Asks: 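Please see the structure below; I have some questions.
In each ligand, atom 1 is the first atom listed, and ligand 1 is the first ligand listed. What you see is a predicted model; the values in this text were computed from it and never measured.
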Amino acid sequence: MKVPLLDLKAQYKTIRDDILRVTAEIYDEQHFILGPRVERLEGEIARYCQARHAVGVSSGTDALLISLMSADIGPDDEVITTPYTFFATVGSIVRVGAKPVFVDIDENTFNIAPEGIAERITARTRGVIPVHLFGQCCDMDAIVRACEGHELVVIEDAAQAIGAEYKGRRAGSMGDMGCFSFFPSKNLGAFGDGGMVTTSSDLFHEKLQVLRVHGSRPKYYHRLLGGNFRLDALQAAIVSEKFLHLDAWTMARQANARRYRDLFAQAGLDEIIRLPMEKENRHIYNQFVIVVPRERDRLRDYLQQAGIGTEVYYPVPMHLQPCFQFLNGREGDFPRAEEAADKTLALPIYPELSEDQQTYVVEKIKAFYM
Ligand SMILES: Cc1ncc(COP(=O)(O)O)c(C=O)c1O
């Protein structure tokens, strides 16, 4: 049996006719960049994420970059974030010239541990980027409390968390801005790169729109130094079509997560393997990440041999990345992030995954350990 980590072809089969129809419409329209298709998606995503506005951009990475730019964060500023995230979170902070300041994670959720934030706030701190990792929101009340009285900009990195909720509030509605990615492996993926920034601030909304088009308004009059952060109409239209299925796909991921829990318990593996902890409500399971006690890499090879795709998100925490060595990060600085990097493994969780495939995955893990 083959169980890929993600099977986009299986999903495409279910929506092929609609995608071909809408892309054909765009070829006829010959309007490729921004425009009504992008505006429609912006409205859909803003409503879905409980934000007043949304601004379509070229990727999740650019969503982070333009959010930092719109908050005028730059040289001499510090931004607090997690060392256990995808590179783009920290790369964007460094690209605007600011300094990332890391706070270790909560070992149960892998999200930034709010209790570590207050002591890292200095006179230079301008913002915090909590990352809702793997599809589960950070403890946002505690994060906002830690920021109180410091006038910090909170930018949620919700790239993996569209539709995730914290106390009934959606990812992207709790900070000043929320950054989303339509990278194909996300719960709502484009057919290429794309992203979105949500905000309920009229000021940030206006600034994001201007920065997205080289800072120009009106055209060719550049008030700000922006860039080309535009979203294509083709990607927006495809994402709008896929958006109609998002909740059904998310529910299928959640059902798969429940089934893994049953299967791991039946196999007697729940004592050995730590399954993801659902701490906040509405985990959308962009990834189902387990903690294995020993021989993670050997297990991964073994599963690969058995036709099962897995991934390590992420093998090297940000403070140990070669390109961030100027920050003087050392092994041991963030032990919980380092432990997660050594012991976590993402299993297939995509909506089209069958019961037989999940049973096979758990059987193989059992065969490895027992
Ligand atoms: C947590 C996180 N932040 C940022 C990004 C960047 O998104 P993109 O790949 O669309 O640039 C991703 C996705 O890859 C991500 O997982």
Asks: Any idea which of Ser181, Gly189, Ala161, Ala158 brings a heavy atom closest to atom 10 (O) of ligand 1?
Replies: Ser181
Asks: Work out whether the distance between some heavy atom of His132 and some atom of ligand 1 is less than 4.0 Å.
Replies: no
Asks: Which residues pass the salt bridge (charged side-chain N to carboxylate O under 4.0 Å, His left out) test with Glu44, not counting sequence neighbours?
Replies: Arg40
Asks: May I ask you to identify the nearest protein heavy atom to atom 5 (C) of ligand 1, giving residue, atom name and distance to one decimal place in Å?
Replies: Phe86 CD2, 3.6 Å
Asks: In the protein, which heavy atom is nearest to atom 14 (O) of ligand 1, and how far is it?
Replies: Lys186 NZ, 3.1 Å
Asks: Quick one: do the Glu338 and His319 side chains pair a donor with an acceptor below 3.5 Å?
Replies: yes
Asks: Aromatic ring centroids of Phe86 and Tyr313 under 6.0 Å?
Replies: no
Asks: Going by side chain to side chain contact (heavy atoms under 4.5 Å, CB included), Val128 matches just one of Asp176, Leu152, Thr82. Which one?
Replies: Leu152
Asks: Asp62 to ligand 1: N or O pair under 3.5 Å?
Replies: no
Asks: Applying the side-chain hydrogen bond (donor to acceptor under 3.5 Å, both in side chains) criterion to Arg52, which one of Thr199, Asp202, Thr198 satisfies it?
Replies: Asp202
Asks: Phe324 and Phe87: aromatic ring centres closer than 6.0 Å?
Replies: yes
Asks: Are any of the N/O atoms on Thr61, whether in the backbone or the side chain, positioned under 3.5 angstrom from an N/O atom of ligand 1?
Replies: yes
Asks: For ligand 1, which atoms sit closer than 4.0 Å to a heavy atom of Gln160?
Replies: 1 (C), 15 (C), 16 (O)
Asks: What atoms in ligand 1 come closer than 4.0 Å to a heavy atom of Val131?
Replies: 1 (C)
Asks: Determine yes or no for a side-chain-to-main-chain donor-acceptor pair under 3.5 angstrom, with His53 supplying the side chain and His205 the backbone.
Replies: no
Asks: I want to know if ligand 1 touches Gly60 in the polar sense, i.e. an N/O pair below 3.5 angstrom.
Replies: yes
Asks: Between the candidates Ala88, Cys179, Ala159, which shows the shortest non-hydrogen contact distance to atom 15 (C) of ligand 1?
Replies: Ala159
Asks: Using the test ring pair (Phe, Tyr, Trp, His ring centres under 6.0 Å), find all partners of Phe288 that sit at least two apart in sequence or belong to another chain.
Replies: Tyr260, Tyr285
Asks: How far is atom 3 (N) of ligand 1 from the closest protein heavy atom, and which atom is that?
Replies: Asp157 OD2, 2.8 Å
